[in-house]
Each structure stands twice: as structure tokens, then as C-alpha cells.
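In this text the structure is predicted, and so the values were computed from the model without any measurement. We count residues from 1, following the sequence as given.
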Amino acid sequence: MNMVSLQAARPVVPGRELVILVHGLTGAPDEMRFVAKKLRDRGYDVATPLLAGHGQGYPELIATGWRNWLASLTALYDDRAPHYQRVHVAGICVGGLLGFMLAQCRNLASCTVYAPLFAFDGWAMKRHYGLLPLALPLMYLPGLRSHIVPEAHPFGLKDERLRALVAASQESLIEGALDGMPYKCLADTYLLGQAVLKAAPANRTPLTLVHALEDDICSVGNAERLMKRAGGDARLVILEDSYHMVHVDRERSKVVAATLEAIGYREEVARHA
């Protein structure tokens with residue numbers, strides 16, 4: 001019996017649930033380690049996939065687009081989902097939007113999006129970022145697509161200790177992460193956001209949005225925009241002591257709590273199971 005047939009032969013474990021945690025653009029699975037540990041501690045299986053083009057360098061990342069990143073998730077889902085009674089997805093920023101798109105083409109029990117981004121309108125963003133939609137064609141040109149926008153202070157972090165680590169190197173905090181964003185990826189982020197908003201009215205997967213009131217990259221209005229647009233059950237959790245990287249920042253425990261509530265975890269039930 002080959003490896004594929006062995007995989008297919010694995011039975012569904014009664015009550016077993018899988019949570020797919022999706023890292024952000026230019027990030028890496030390592031950034032999900034805190035959330036992943038807390039979910040595993042409560043009995044969930046967790047998958048932290050590496051998105052296509054990530055974990056290497058800028059040329060490999062630039063060679064991919066949001067549909068390639070989404071394909072990473074659909075492939076994982078198709079491989080793992082048959083062995084679980086329920087599958088959930090949660091992700092940060094672009095990773096969260098990809099999770100939302102996964103929920104539109106696969107059967108998911110819940111979708112949680114941390115800091116959804118449709119516009120770079122956070123308080124630390126320069127005004128010309130508002131012109132991104134007008135510049136999209138230029139950002140795909142050979143001479144510009146590989147131009148790197150360096151990560152800038154405060155790096156999506158309100159926690160000063162973590163911020164100091166990132167200031168030294170992005171990899172000091174997240175192993176495998178890059179220190180900047182190629183123009184082409186900025187454009188792909190915008191196009192992914194438009195695809196999410198177009199698909200949102202038909203959504204039927206329970207949706208939880210987690211966003212920081214002081215998000216330095218994208219304002220809380222981004223989450224409110226998806227909240228108003230999305231079909232089905234949706235709720236918004238607003239954090240008051242974090243910036244963009246809510247899953248690693250000061251209120252990461254609240255992010256875990258919101259995720260657990262979204263996937264249906266009940267402390268008192270688990271205690272007596």
C-alpha cells in the first residue's frame with residue numbers, strides 16, 4: 001500500500017477538529033506559534049501551512065500571486081479535511097483573507113480573520129498609499145515589481161520589546177519572515193481584497209473578525225467594511241492595546257480567546273469531557 005492510499009485509509013476520529021492557521025504576506029508559519037500552542041493545549045489539531053513562494057527569498061515570492069497562495073490552502077484542506085469532523089481556518093491580514101476565500105470554496109465550520117486589509121489606511125501609513133489602486137498596472141512592470149518597501153516603525157507592534165527584536169531583523173521575531181514588501185505583492189494584496197469583497201455577500205461560514213483600534217497598517221474601518229458586506233453570521237472583536245500584528249502583540253491572549261469562541265470551544269465542557 002503506497003503513502004497516498006495509507007492517507008486515504010486513515011479513519012475520522014470522532015469529535016476531532018482541525019484548525020488551519022495562516023501566516024501573513026512575507027511572513028512564515030513561525031508567527032503562529034503562540035496561537036497554535038494554545039489551541040493544541042485545548043485538544044485541537046493545528047496545521048500551519050507555508051504559503052506558496054514564502055520561506056525563501058524575494059524572487060520566489062514575486063513569482064507567485066494570491067491565487068497561488070490560496071492554492072496552498074486548498075491543497076492542505078483537500079489532504080487533511082477527510083480525516084476530521086470539522087475544519088476551521090484563522091489567519092492574519094492577507095492570510096486571513098485567504099482563509100476567507102478558502103471558506104467560499106471548501107466546507108469550513110468557522111473562519112476567523114485577524115486584521116483584514118483592504119486599504120493601507122492605518123495611522124502609520126503615508127498618504128500616497130491611498131493611490132495604490134491607481135498605480136496597480138505600474139506595480140507589475142518588470143522594472144518596478146521587484147522594488148522592496150522596507151518594513152517600517154512600529155512594525156505592526158505596540159509591544160516595545162517585540163518591536164526592538166523586529167528592528168534588528170524580522171527573523172529575530174519570526175523565523176523565515178522577510179524584511180520588506182515587493183511592489184507586486186502590494187498590488188496582489190489589493191486584488192485579493194477586491195476578490196474577498198466581491199465574494200463576501202455569498203458567505204455562509206460563521207465569521208469572526210479581530211481588529212486593533214490602533215492598527216498602524218490598516219484602520220478598523222477595514223474590518224467594519226467586511227462585517228457589513230459579509231453574508232451569514234459575523235461578529236467583530238475590537239482590541240484596544242495592540243497594533244496590526246494582533247496575534248503576537250500585547251493582546252495575543254485575547255486573540256486566542258476570540259478564536260476559541262469562534263471554533264466553539266467551551267472551557268466547562270472540556271473540563272468535564
Under the 3.5 angstrom rule, does the side chain of [X] hit a backbone N or O of [Y] as a donor-acceptor pair?
X      : Y      : value
Gln85  : Gly15  : yes
Gln194 : Leu191 : no
Asp30  : Glu175 : yes
His23  : Leu51  : yes
Thr64  : Leu61  : yes

What are the two closest heavy atoms between [X] and [Y], and how far apart are they?
X      : Y      : value
Leu76  : Ala47  : CD2-CB, 3.8 Å
Gly193 : Leu97  : CA-CD1, 4.2 Å
Asp188 : Trp69  : CB-CH2, 3.8 Å
Ala52  : Ser72  : N-OG, 2.8 Å
Ala28  : Ala177 : CB-N, 4.1 Å
Tyr77  : Asn107 : OH-O, 2.7 Å

Test side-chain contact (heavy atoms from CB on, under 4.5 Å) applied to Met139 and Arg145, step by step: CA-CA 5 Å; Met139 300 176 88; Arg145 59 193 278 122; over 6 Å; no

[atom1]/[X] to [atom2]/[Y] distance, rounded to the nearest 0.5 angstrom?
X      : Y      : atom1 : atom2 : answer
Leu98  : Cys93  : CG    : SG    : 9.5 Å
Met101 : Lys198 : CE    : NZ    : 9.5 Å
Ser253 : Lys38  : OG    : NZ    : 6.5 Å
Glu251 : Ile238 : CD    : CD1   : 11.5 Å
His54  : Leu178 : NE2   : CG    : 7.5 Å
Leu25  : Cys185 : CG    : SG    : 5.0 Å

Any non-hydrogen side-chain atom of [X] less than 4.5 Å from a side-chain atom of [Y]?
X      : Y      : value
Glu17  : Val87  : no
Glu214 : Ser242 : no
Val113 : Thr208 : no
Leu186 : Phe120 : yes
Met32  : Ile92  : yes
Tyr114 : Thr259 : yes
Glu261 : Tyr265 : no
Leu39  : Ile263 : yes

Under a single-linkage definition using a 4.5 Å side-chain heavy-atom cutoff for Ile, Leu, Val, Met, Phe, Trp and Tyr, are [X] and [Y] assigned to the same hydrophobic cluster?
X      : Y      : value
Val89  : Leu236 : yes
Leu50  : Leu192 : no
Ile217 : Trp123 : no
Met181 : Val94  : yes

side-chain contact (heavy atoms from CB on, under 4.5 Å) between Leu207 and Phe100, worked out: CA-CA 8 Å; Leu207 176 65; Phe100 183 88; 4.0 Å; yes

Cluster companions of Ile174 among Ile, Leu, Val, Met, Phe, Trp, Tyr (side-chain spacing under 4.5 Å):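 Its cluster mates, by chain and number, are Phe155, Leu157, Leu162, Leu165, Val166, Leu173, Met245, Val248.
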
Asp215 and His244: side chain donor to acceptor below 3.5 Å: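 Result is yes, a qualifying pair exists.
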
Check: Tyr243/Asp249 side-chain N/O donor and acceptor closer than 3.5 Å: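 No, because no side-chain N or O of Tyr243 sits under 3.5 Å from a partner of the opposite role on Asp249.
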
Please tabulate, for the side chains in residues 222-232, all donor-acceptor contacts under 3.5 angstrom to protein atoms that are two or more places apart in sequence or on a different chain.
| unit_1 | atom_1 | unit_2 | atom_2 | d |
| --- | --- | --- | --- | --- |
| Asn222 | OD1 | Phe118 | N | 2.7 |
| Asn222 | OD1 | Ala119 | N | 2.9 |
| Asn222 | ND2 | Asp121 | OD1 | 2.9 |
| Asn222 | ND2 | Ser219 | O | 2.9 |

Lys/Arg-Asp/Glu bridge criterion (N-O < 4.0 Å) met for Arg163, Asp159: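 Not counted as a salt bridge, because no side-chain N and carboxylate O are separated by less than 4.0 Å.
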
Electrostatic pair Asp78-Arg106, nearest N-O below 4.0 angstrom: yes

Over 12 non-hydrogen atoms of neighbours within 6.0 angstrom of CG in Asp241: yes

Arg252 NZ/CZ over Phe34 ring centroid, <6.0 Å and within 45° of normal: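 So Arg252 does make the cation-pi contact.
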
Pair Trp66-Thr189, side-chain contact (heavy atoms from CB on, under 4.5 Å): steps then yes or no: CA-CA 7 Å; Trp66 73 263; Thr189 296; over 6 Å; no

Counterpart residues, ring pair (Phe, Tyr, Trp, His ring centres under 6.0 Å), relative to Tyr190 (two or more places apart): none

Worked check of side-chain contact (heavy atoms from CB on, under 4.5 Å) between Ile20 and His88: CA-CA 6 Å; Ile20 302 172; His88 312 266; over 6 Å; no

